[in-house]
Amino acid sequence: MKVQSCLGVSLILLLFLCGFVASAEDGTQKCKLSPETKSERQVLDRLIPLLHKNFTAVKKDDKENYKYVFQLCGDAGGVPGAGVVQYDEQKKSQMIVGRYNSTKAIGGSDWVMLIYESGDKYKTHCNGGNRQATIMISCQTSTVADSLEVMLEDREGDDCYYLFEMDSSAVCPVNNSKLSAGSILLIVGFCLVSAYLIGGFLYQRLIVGAKGMDQIPHYAFWAEIGNLSADGCDFVCRSKPREEPNEYRGVASEPEEEPEERDDHLLPM
Ligand SMILES: *[C@@H]1O[C@H](CO)[C@@H](O)[C@H](O)[C@H]1NC(C)=O
Ligand SMILES: *[C@@H]1O[C@H](CO)[C@@H](O)[C@H](O)[C@H]1NC(C)=O
């Protein structure tokens, strides 16, 4: 019966986890890949823990003062369609650097490169082409998502882009996020031991009618094991013979009331 409830609880947990993953899956659907491929979508889905958050980076020196906001497959800084927005804090203007309706995602074992194209057009630079944002996300186990950094804006050649860097545990190689075989074994072992203890206790108490310590299943056996290991330890670990405490020998202890009968009112027999 206990095994069944353990299984039941595990099943519910499993369903809950699966449901959670499934409901999170549609999160990156707002990012349009062209063409839509399964492998690229899988790369994008590795970033799911980053969804629904604005990430901010500041680039400030004597000439310029820019703030950048990035969001995964959602309106960065609340600007419709924008994946990365640049705010010019001096001119109080904003520019869309990349849109999530033109997304590309490339991934390696411990990194993902996210590219948003179709940003606002340059006026003079880069042949008047579209701005484009590249966000390099690298594995860092200690943080879910952290420290968006502006690396550079390349507007020298024809293919111009803004480069950002970010650390996240989301792109780390997957092995510790799932239950390992070891922990499943542990859980099963725990269930079996509890089933043994509780089932054995109920059997001893209700069917055999045992009292006191005898309610522990196979009490004699476990007690014997305990005594044997205590003896073994005594033999191996003790450096000199035990001193017999003899000061209190003479005092005879009062016979206590029968301890076995004390918990009888707890369970109806
Ligand atoms: C991102 O920032 C914008 C502007 O501050 C805000 O309106 C929006 O709710 C934010 N989105 C999230 C998911 O925090
Ligand atoms: C993305 O949206 C922008 C603005 O709405 C539009 O100009 C552009 O053509 C779209 N790009 C794609 C690939 O759909």
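Note that ligands are numbered from 1 as they come in the structure, with each ligand's atoms numbered from 1 the same way. One-based numbering along the sequence shown.
Checked against the 6.0 Å centroid criterion, the rings of F164 and F70 do not qualify as a close aromatic pair.
Note that the CG atom of N54 and the CG atom of L72 stand 11.5 Å from one another [nearest 0.5 Å]. How far OH of Y116 is from SG of C73: 5.0 Å, rounded to the nearest 0.5 Å.
Without hydrogens or angle criteria, Q204 side chain to F201 main chain gives no donor-acceptor distance under 3.5 Å. Here the side chain of R205 pairs no donor or acceptor atom with the backbone of Q215 at under 3.5 angstrom.
No more than 12 heavy atoms of other residues, nucleotides or ligands lie within 6.0 Å of OH in Y203, so this atom counts as exposed by the packing criterion.
Heavy atoms of R99 come nearer than 4.0 angstrom to ligand 2 in at least one pair. Taking a 4.0 Å cut-off on heavy atoms, G81 fails to register as neighbouring ligand 2.
Counting the atoms of ligand 1 from 1 in the order shown, those under 4.0 Å from a heavy atom of H52 are 13 (C). Within ligand 1, the atoms closer than 4.0 Å to a non-hydrogen atom of G78 are 3 (C), numbered from 1 in the order shown. For ligand 2, the atoms lying closer than 4.0 Å to a non-hydrogen atom of S102 are 11 (N), 13 (C).
There is a protein heavy atom closer than 4.0 angstrom to atom 11 (N) of ligand 2. Within the 4.0 angstrom cut-off, atom 14 (O) of ligand 2 has one or more protein heavy-atom neighbours.
Contact check on E40 versus K104 returns no salt bridge, with no Lys/Arg side-chain nitrogen under 4.0 Å from an Asp/Glu carboxylate oxygen.
Distances from atom 3 (C) of ligand 1 to the heavy atoms of G74, A76, G77 put G77 nearest.
Protein heavy atom nearest atom 9 (O) of ligand 2, with residue, atom name and distance: N101 ND2, 4.9 Å.
Ligand 1 has an N or O atom lying under 3.5 Å from an N or O atom of N54, backbone or side chain.
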